[in-house]
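So the structure is just underneath, and the comments pick up after that.
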Amino acid sequence: MVEPADMKGAAKIVPLLKDELDIVIPTIRNLDFLEMWRPFFEAYHLIIVQDGDPSKTITVPDGFDYELYNRNDINRILGPKASCISFKDSACRCFGYMVSKKKYIFTIDDDCFVAKDPSGKPINSLEQHIKNLLSPSTPFFFNTLYDPYRDGADFVRGYPFSLREGAPTAVSHGLWLNIPDYDAPTQLVKPLERNTRYVDAVLTIPKGTLFPMCGMNLAFNRELIGPAMYFGLMGDGQPIGRYDDMWAGWCTKVICDHLGLGVKTGLPYIYHSKASNPFVNLRKEYKGIFWQEEIIPFFQAATLPKDCTTVQKCYIELSKQVKEKLSKVDPYFDKLADAMVTWIEAWDELNPSGASTKAANGKA
């Protein structure tokens, strides 16, 4: 049986990038889970996005530096453009990405706890994400020893020397012990399945390959890819939920491939403690299960013109293609395409310096 780490008496951690990283947490409840993360998170600034009823008071343990936004705050800050931020869905977290002023973002769900590595040592997932983001990726040629920049690894024989410099890493996608990130049909047929397998590996997802991104243990370079990290229009009033992080992942991967940026997956692990209700999930996912058979080929075939040299330009171009090609699947995608444009407009209003518009210097 996999159990979360025991953090009693945990030593003080030396925080990396303390002044350059925000932790974004979407929630509908008191954040008692932060007590377990205190040794790792206390030095960082938290951005908490409260979902649901804005009149409900959310309590945060003492000692944390944080700002908390509810729906009233979102409406006040964004005005009419607040329509692009989902309600009653964890997709609301992307508002935290928009208001952050830091270079890096780490986002985690409030039912995720500190995991243990096979030796029993607590895993500092934030530290591992930072290591992933600060080392290059290898999207253009696969290294069979996975991440060649890790201690004890290197490029294998036959790896082109011209590609060994790698590409900037935009996204670090972590995994989970205990409750796997399954869709509702898989939950229903495997209700007791738990992930106990710890794989000590980080790999770059190759250029041209999509992946199902999970938002509960995720970090990214906001300056490189932030405007693409829009978790869509999901939840209350929408015909679909639980595809918010995957939508962001598909859009982000297409843009990373175009701009020559890398996406890593694997370490770090967190301990996912609570399985959501599969019947509720099925209701949220029902249309998405059918739509994804059209959405994924759309993203696999998507190309961006050479004049799309910033994330914003790429994202606006993607929104046009969504409207043109996916609106035939369902009118919802016409609405989603409009929300994508609104998101970029709101992002640029709150981030006028253009710090997040930089194109990468990677090799396309």
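- For the residue pair Leu233 and Ser83, the shortest heavy atom distance occurs at CD1-O, 3.3 Å.
- Aromatic ring centroids of Trp291 and Tyr332 lie under 6.0 Å apart.
- The six-membered or imidazole ring of Phe40 lies away from that of Tyr44, with a centre-to-centre distance of 6.0 Å or more.
- Asp244 places no side-chain N or O within donor-acceptor distance of the main-chain N or O of Phe231, the cut-off being under 3.5 Å.
- In this structure the side chain of Cys308 reaches within 4.5 angstrom of the side chain of His258, judged on heavy atoms.
- In this structure, Ser273 contributes its side chain and Asp111 its backbone to a donor-acceptor pair below 3.5 Å.
- Ion pair Arg242/Glu285 flagged as a salt bridge, since at least one NZ, NE, NH1 or NH2 atom sits closer than 4.0 Å to an Asp/Glu carboxylate oxygen.
- Between Tyr230 and Tyr97, the ring center distance fails the sub-6.0 Å criterion.
- A continuous path of Ile, Leu, Val, Met, Phe, Trp and Tyr side chains, each step under 4.5 Å between heavy atoms, connects Ile296 with Phe298, placing both in one hydrophobic cluster.
- Considering CG of Leu318 and OG1 of Thr252, their distance stands at 9.5 Å, rounded to 0.5 Å.
- Two residues are said to be in side-chain contact when any heavy atoms from C-beta on lie closer than 4.5 Å; Asp51 and Thr27 fail this criterion.
- When side chains are defined from C-beta on, Asn221 does not count as touching Pro168, because their heavy atoms never get closer than 4.5 Å.
- Across all their heavy atoms, Glu35 and Pro61 have their closest contact at OE2-CB, 3.3 Å.
- The environment of NZ in Lys131 is sparse: at most 12 heavy-atom neighbours from other residues, nucleotides or ligands sit within 6.0 Å.
- Tested against Val99 for a side chain to side chain contact (heavy atoms under 4.5 Å, CB included), the candidates Val49, Asp22, Asp73, Leu350 yield a single pass: Leu350.
- Judged by distance alone, with hydrogens and angles left aside, the side-chain atoms of Gln238 form no donor-acceptor pair with the main-chain N or O of Leu336 at under 3.5 Å.
- No continuous path of hydrophobic side-chain contacts links Phe95 to Ile28 [ILVMFWY only; heavy atoms under 4.5 Å].
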ask   = Run the salt bridge (charged side-chain N to carboxylate O under 4.0 Å, His left out) check on Lys264 and Asp147 step by step: do they pass?
value = CA-CA 9 Å; Lys264 292 187 177 186; Asp147 192 338; 2.8 Å; yes
task = Give the intermediate values and the outcome of side-chain contact (heavy atoms from CB on, under 4.5 Å) for residues Gln300 and Leu210.
result = CA-CA 7 Å; Gln300 287 174 324; Leu210 297 175; 3.7 Å; yes
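- Side-chain atoms of Asn132 come within 3.5 Å of backbone atoms of Leu267 as a donor-acceptor pair (strictly under, hydrogens ignored).
- Of all heavy-atom pairs spanning Leu326 and Phe333, the tightest one is O-CD1, 3.4 Å.
- A side-chain N or O of Gln292 and one of Tyr243 form a donor-acceptor pair less than 3.5 Å apart.
- Looking at Arg71, its side chain never comes within 3.5 Å of a backbone N or O of Asp53 through a donor-acceptor pair.
- Summarising the geometry, atom CG belonging to Leu203 is positioned 10.0 Å from atom OG belonging to Ser137; distances are rounded to the nearest 0.5 Å.
- Annotation for Leu282 and Leu188: closest pair CD2-CD1, 4.3 Å, computed over non-hydrogen atoms.
- A distance-only check finds no donor-acceptor pair linking the side chain of Tyr66 to the backbone of Ile48 [under 3.5 Å].
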message = Using the rule given for side-chain contact (heavy atoms from CB on, under 4.5 Å), can you reason through Leu78 versus Glu349, listing the C-alpha separation, both sets of side-chain angles and the distance that settles it, and then say yes or no?
response = CA-CA 9 Å; Leu78 296 185; Glu349 281 186 14; over 6 Å; no
request  = Please assess Asp307 against Lys313 for the test salt bridge (charged side-chain N to carboxylate O under 4.0 Å, His left out), listing each intermediate value before the final yes or no.
outcome  = CA-CA 8 Å; Asp307 63 353; Lys313 287 180 180 179; over 6 Å; no
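- Salt bridge Asp200/Arg150: present, at least one basic N to carboxylate O contact under 4.0 Å.
- Thr169 places no side-chain N or O within 3.5 Å of a backbone atom of Leu133 that could act as its donor or acceptor partner.
- Between Leu21 and Leu126 there is a side-chain heavy-atom pair separated by less than 4.5 Å.
- Within the 6.0 Å centre-distance limit, the rings of His173 and Phe211 are counted as a close aromatic pair.
- Using a distance-only test at 3.5 Å, with no hydrogens or angles considered, a donor-acceptor pair links the side chain of Thr107 to the main chain of Val24.
- Ile316 places a side-chain heavy atom less than 4.5 Å from the side chain of Val341.
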request  = Check the pair His45 / Asp19 against side-chain hydrogen bond (donor to acceptor under 3.5 Å, both in side chains), numbers first and verdict last.
outcome  = CA-CA 8 Å; His45 180 67; Asp19 300 319; over 6 Å; no
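- Of all heavy-atom pairs between Pro160 and Arg164, the closest is O-CG, 3.3 Å.
- Glu317 is listed as a side-chain neighbour of Pro305, based on a closest heavy-atom distance under 4.5 Å.
- When hydrophobic clusters are built by joining Ile, Leu, Val, Met, Phe, Trp and Tyr residues whose side-chain heavy atoms come closer than 4.5 Å, directly or via intermediates, Met98 is not grouped with Phe87.
- A distance below 6.0 Å separates the ring centres of Phe299 and Trp247.
- Enclosure of atom NZ in Lys190 is not indicated, since only 12 or fewer non-hydrogen atoms of other residues, nucleotides or ligands lie within 6.0 angstrom.
- A continuous path of Ile, Leu, Val, Met, Phe, Trp and Tyr side chains, each step under 4.5 Å between heavy atoms, connects Val199 with Val2, placing both in one hydrophobic cluster.
- Side chains of Pro191 and Tyr182 form no contact here, defined as non-hydrogen atoms less than 4.5 Å apart.
- Tyr104 has its ring centre no less than 6.0 Å from the ring centre of Phe220.
- Rounded to the nearest 0.5 angstrom, Met340 CE and Lys335 NZ are separated by 15.5 Å.
- With hydrophobic clusters built from ILVMFWY side chains whose heavy atoms lie under 4.5 angstrom apart, Phe33 does not share a cluster with Ile179.
- Using a 4.0 Å cut-off between a side-chain N of Lys or Arg and a carboxylate O of Asp or Glu, Arg29 and Asp110 qualify as a salt bridge.
- A salt bridge links Lys323 and Asp338; the closest N-O separation between the charged side-chain nitrogens and carboxylate oxygens is under 4.0 Å.
- With contacts defined as side-chain heavy-atom distances shorter than 4.5 Å, the pair Met7/Met36 qualifies.
- Atoms CG and CD1, on Leu34 and Ile23 in that order, are 8.5 Å from each other to the nearest 0.5 Å.
- Separation of atoms CG (Leu259) and CG (Leu224) is listed at 9.0 Å; rounding is to 0.5 Å.
- Of the possible donor and acceptor atoms, none in the side chain of Asp109 sits under 3.5 Å from a partner among the backbone N and O of Met216.
- Here the two rings, on Phe41 and Phe64, have centers that are 6.0 Å apart or farther.
- Looking only at distances, no side-chain donor or acceptor of Asn178 sits under 3.5 Å from a matching main-chain atom of Asn195.
- Looking at Asn281 and Ser276, their side chains do bring a donor and an acceptor atom within 3.5 Å of each other.
- Distance CD1/Ile108 to NE2/His272: 10.0 Å, rounded to 0.5 Å.
- The nearest pair of heavy atoms linking Cys92 to Ile85 is CA-CG2, 4.1 Å.
- Two rings, from Tyr149 and Phe155, have their centers less than 6.0 Å apart.
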